[in-house]
Amino acid sequence: MKYNRCGKSGLLLPEISLGLWHNFGSVDNFDNAESIAVEAFDKGITHYDLANNYGPVPGSAETNFGKILWHNFQGNLRDEIIISTKAGYTMWDGPYGDWGSRKYLLSSLDQSLKRMKVDYVDIFYSHRPDPETPIEETMMALDYAVRSGKALYVGISNYSAEQTRVAVDVLKQLGTPCLIHQAKYSMLQRWVEDGLLDVLEEKGVGCIAFSPLAQGLLTDKYLNGIPENSRAHNPNGHLREDEVTQERIEKLIQLNEIAKNRNQSLAQMALAWLQKDKRITSVLIGASSVKQLCNNIDCLQNTEFTHDELNAIEKILA
């Protein structure tokens with residue numbers, strides 16, 4: 001495992017990080033979740049990414065992760081891992097459980113710390129921009145999270161290039177630099193290439209890509225349609241059946257042929273493809289089993305692409 005510097009900061013993040021968006025909630029098998037988290041650490045993954053509403057039920061991923069910490073990461077081991085969490089999507093009913101107000105963000109952070117039974121998180125994110133709250137208020141809440149000792153660094157997620165530029169400038173003026181932007185980025189979702197990565201490079205901010213496999217679409221699961229045990233059939237999943245079109249399946253089949261020639265699975269190639277851009281600090285993967293986790297980490301065995309391979313991939317994706 002290599003560790004990349006996160007923007008212009010002193011923090012190094014592993015080139016692969018583990019996300020707890022799925023498979024760590026109260027509806028999931030705890031022993032399986034614990035095995036995944038421990039194996040990830042043993043393989044060099046030091047960064048665990050959460051959010052207040054991860055589950056289901058919302059909050060349960062943090063609660064379960066707190067138990068995993070207690071069972072496996074006592075003492076100085078806490079100093080060997082990076083824990084990130086976020087607030088910005090709906091967490092509780094009423095006027096104070098959503099979006100980007102100072103009230104919501106700081107209340108949510110306090111709740112997250114209690115669920116995980118930790119004194120601080122390493123990274124606290126604004127999970128999404130709030131069109132009704134001044135961006136200065138949201139950034140002041142992030143600044144306070146650091147000054148209060150409840151977070152070491154702050155980041156933003158799902159902000160556009162222009163919103164990112166404003167947020168980064170406000171945080172700089174406040175004296176708490178923006179460490180990282182967490183953006184949805186994959187072969188099938190490339191909006192970050194239209195300005196955001198340029199802004200992050202200019203401002204010295206790191207980038208971590210989430211949903212790098214497009215919710216499982218960039219795997220061999222869908223080469224023959226939608227299987228019964230897939231995320232597209234899961235009511236708790238975030239991949240809709242209507243997203244698995246025949247046109248996309250044909251693209252996946254072609255991409256899979258390139259992956260085979262690289263001695264990789266389609267998923268491994270999709271993860272390696274993101275690593276080619278040095279502006280990407282880390283790629284955030286999920287896993288439903290230890291086997292799947294290890295298979296995905298094996299993408300690091302081949303992250304170099306020839307010009308012909310890149311051109312062929314671009315032609316397929318066009």
Side-chain angles (χ1 to χ4, degrees), residues 15-19 21-23 157-158 160-161 182-198 207-280 282-318:
E15 51 192 341
I16 295 288
S17 298
L18 180 64
W21 186 8
H22 302 291
N23 306 308
S157 182
N158 299 305
S160 70
Q182 187 170 136
K184 191 174 188 178
Y185 187 25
S186 72
M187 283 180 163
L188 301 179
Q189 177 62 265
R190 300 175 64 175
W191 70 277
V192 302
E193 297 172 3
D194 297 328
L196 178 63
L197 288 175
D198 293 332
C207 184
I208 182 169
F210 78 88
S211 291
L213 301 181
Q215 293 297 308
L217 197 52
L218 285 166
T219 68
D220 57 10
K221 281 186 179 180
Y222 298 94
L223 297 179
N224 297 308
I226 303 176
E228 286 296 326
N229 63 343
S230 66
R231 191 170 286 178
H233 267 308
N234 186 346
N236 295 317
H238 291 264
L239 177 65
R240 302 189 313 272
E241 288 192 29
D242 61 7
E243 295 180 79
V244 190
T245 63
Q246 187 58 42
E247 180 183 2
R248 273 193 165 173
I249 290 174
E250 290 173 2
K251 290 179 183 289
L252 297 179
I253 292 171
Q254 295 176 64
L255 290 171
N256 190 52
E257 288 302 311
I258 297 177
K260 285 181 181 179
N261 291 331
R262 290 170 49 83
N263 294 315
Q264 289 182 317
S265 67
L266 175 55
Q268 288 169 341
M269 185 180 76
L271 295 172
W273 182 85
L274 289 170
Q275 302 278 351
K276 74 185 187 308
D277 193 320
K278 300 311 176 185
R279 295 172 294 184
I280 301 299
S282 184
V283 176
L284 192 58
I285 65 170
S288 59
S289 66
V290 168
K291 180 180 178 181
Q292 186 183 69
L293 172 77
C294 294
N295 284 340
N296 285 342
I297 293 174
D298 284 345
C299 75
L300 299 177
Q301 295 179 8
N302 184 10
T303 59
E304 299 296 325
F305 288 82
T306 67
H307 288 298
D308 287 344
E309 286 173 333
L310 290 175
N311 289 336
I313 289 170
E314 288 299 324
K315 185 175 180 180
I316 293 167
L317 296 176

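For reference, positions follow the sequence shown, starting with 1.
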Indicate the atoms forming the closest heavy-atom contact of [X] with [Y], along with that distance.
| X | Y | result |
| --- | --- | --- |
| Ala267 | Leu213 | O-CD2, 3.6 Å |
| Ala183 | Trp191 | CB-CZ2, 4.0 Å |
| Pro212 | Ala270 | O-CB, 4.4 Å |
| Ala209 | Tyr185 | CB-CB, 3.9 Å |
| Leu255 | Met269 | O-CE, 3.3 Å |
| Asn23 | Ala287 | ND2-O, 2.9 Å |

**Prompt:** Run the side-chain contact (heavy atoms from CB on, under 4.5 Å) check on Leu188 and Leu317 step by step: do they pass?
**Reply:** CA-CA 7 Å; Leu188 301 179; Leu317 296 176; 4.1 Å; yes
**Item:** Sequence neighbours excluded, every pair satisfying salt bridge (Lys or Arg N to Asp or Glu O under 4.0 Å) that has a member inside residues 251-273
**Value:**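 Sorted result for residues 251-273: Glu257-Lys260, Arg262-Glu309.
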**Request:** Among residues two or more places apart or on two chains, list those pairs meeting salt bridge (Lys or Arg N to Asp or Glu O under 4.0 Å) that have a residue in residues 186-197.
**Result:**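 Passing the test, one end in residues 186-197: Arg190-Glu193, Arg190-Glu314.
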**Prompt:** Quick check: are there more than 12 heavy atoms from other residues, nucleotides or ligands sitting under 6.0 Å from NZ of Lys276?
**Reply:**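 Yes, because the 6.0 Å sphere around NZ of Lys276 holds more than 12 heavy atoms from other groups.
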**Asked** Does atom CD of Gln246 have more than 12 heavy-atom neighbours, drawn from other residues, nucleotides or ligands, at distances under 6.0 Å?
**Response**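 Counting other residues, nucleotides and ligands, CD of Gln246 exceeds 12 neighbours.
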**Request:** Go through the steps for Leu197 and Ile280 under the test side-chain contact (heavy atoms from CB on, under 4.5 Å), then give the verdict.
**Result:** CA-CA 9 Å; Leu197 288 175; Ile280 301 299; 4.0 Å; yes
**Prompt:** What do the steps show when you test Gln264 against Asp298 for side-chain contact (heavy atoms from CB on, under 4.5 Å), and what is the final call?
**Reply:** CA-CA 9 Å; Gln264 289 182 317; Asp298 284 345; over 6 Å; no
Hey, are the side chains of [X] and [Y] touching, using non-hydrogen atoms and a 4.5 Å cut-off?
| X | Y | answer |
| --- | --- | --- |
| Ser211 | Lys184 | yes |
| Trp21 | Leu284 | no |
| Ile208 | Ser17 | yes |
| Asn302 | Asn263 | no |
| Phe210 | Asn158 | yes |
| Leu293 | Ile285 | yes |
| His22 | Gln215 | yes |
| Leu252 | Asp220 | no |

**Asked** Can you list the residues that meet the side-chain hydrogen bond (donor to acceptor under 3.5 Å, both in side chains) rule with Thr219, with sequence neighbours excluded?
**Response**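 side-chain hydrogen bond (donor to acceptor under 3.5 Å, both in side chains) list for Thr219, sorted by chain: empty.
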What is the distance from atom [atom1] of [X] to atom [atom2] of [Y], rounded to the nearest 0.5 Å?
| X | Y | atom1 | atom2 | answer |
| --- | --- | --- | --- | --- |
| Arg248 | Leu218 | CZ | CG | 8.5 Å |
| Asn256 | Ile249 | CG | CD1 | 12.5 Å |
| Leu310 | Glu304 | CG | CD | 10.0 Å |
| Thr303 | Leu274 | OG1 | CG | 11.5 Å |

**Message:** Please check: side-chain N/O of Gln189 versus main-chain N/O of Ser186, any donor-acceptor pairing under 3.5 Å?
**Reply:**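 Judged by distance alone, no pair lies under 3.5 Å.
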